[in-house]
S.K.: 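Dumping the structure here so I can ask a few things about it.
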Amino acid sequence: MEFNNSYELLIELRKKDLLKSKPKYWWPNVGTFEVVIGAILTQNTKWKNVEKAIEKLKTENGELKIEEIASFKPSFLAELIKPAGFYNQKAKRLIVLSKNILRDFGDFESFKENVTRKWLLEQKGVGFETADSILCYGCSREVMVVDAYTRRLLKKRGYEFDSYNEMREWCERGIEENWDKLAIIYENDLNLCFARFHGKIVEFMKNG
Ligand code: 39A
C-alpha cells in the first residue's frame, strides 16, 4: 500500500470493503451516551469484551441511562462491567464522569452540543483517544480519532509522529485538503468521513 497523504490512504482502504455489515458510522449507536461508556470501557481491552459489558448495562428496552449510571454504587457497576477488565477503576471513572456531565451540562443532549475537548481532557481517565472518540462518535464533531492501530499502520509505511495530536492533524489534513473529491461520497458530512476512516483503519489492522 503506497500513499503520500491520508487522502491516498483512505482511497486505498476504500478498495477493501472493510466496513461491510458494520453500522453507518462504524461505532454502534452514535450520538448516544452509550458511546461515552464504550470509549471508557474499551481502554486496555478488546472490543468484544466491551460489547459484553454494555449488554449487561442496558435496561430491558435496550437503553443506557446516564442518570442511572450516575446513581450506581461503584461496587455494583464494577460487577456489571467485569468483562471489560480494570472494572473497579472503570466503574469509579464512569460514575464520576456521568455525575460531572449532569452537573456541568444538565443532560446528555446539552453535553453533545456544548462539550469541549478541554473539558473532556480534564476528566479523570480521559486521554486524547478517549476524548476524540467521544467527540467524533458521541457528539458528531469533525474530529478524527487516531489510535495504536493508526500509529502501527503509519509507522509500517514510514510515517512517524512525535505526538498524538501531530498524527491526528496529519490524518485530518489530507482529508480536508481533498474534501472536494470526498464530499459527494460522504454525503457532505466530514464527521461521517472521519468516523468511517478511523473504523477502516481499525478493521484493516485487526483483520487484514
Ligand atoms: N477497537 C474498537 C472496535 N473494534 C470498535 N469496533 C470494533 C466496532 N469500536 C467501536 C471501538 N474500538
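Just so you know, these numbers come straight off a predicted model, no measurement behind them. Remember, it's 1-based here, ligands and their atoms both numbered in the order they're listed.
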S.K.: Can we call the ring centroids of Phe111 and Phe108 under 6.0 Å apart?
M.R.: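 Under 6.0 Å, so yes.
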
S.K.: Filter the ligand 1-protein atom pairs down to N or O on both sides and distance under 3.5 Å, then list them.
M.R.:
from, atom 1, to, atom 2, distance (Å)
ligand 1, 4 (N), Lys206, NZ, 2.6

S.K.: Would you call Lys65 and Glu67 a salt bridge, using N to O less than 4.0 angstrom?
M.R.: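 Salt bridge between Lys65 and Glu67, a charged N being under 4.0 Å from a carboxylate O: no.
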
S.K.: Could you tell me if the ring centre of Phe197 sits under 6.0 Å from that of Trp26?
M.R.: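 Ring centres of Trp26 and Phe197 not closer than 6.0 Å.
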
S.K.: Tell me whether the rings of Phe76 and Phe72 are parallel (<30°), tilted (30 to 60°) or perpendicular (>60°).
M.R.: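 Rings of Phe76 and Phe72: perpendicular, over 60°.
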
S.K.: Side chain of Lys52, backbone of Pro83: donor and acceptor closer than 3.5 Å?
M.R.: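 Such a contact is absent between Lys52 side chain and Pro83 backbone.
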
S.K.: Flag the pair Phe204 / Tyr149 as yes when their ring centroid distance falls below 6.0 Å, and as no otherwise.
M.R.: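 No; Tyr149 has its ring centre 6.0 Å or more from that of Phe204.
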
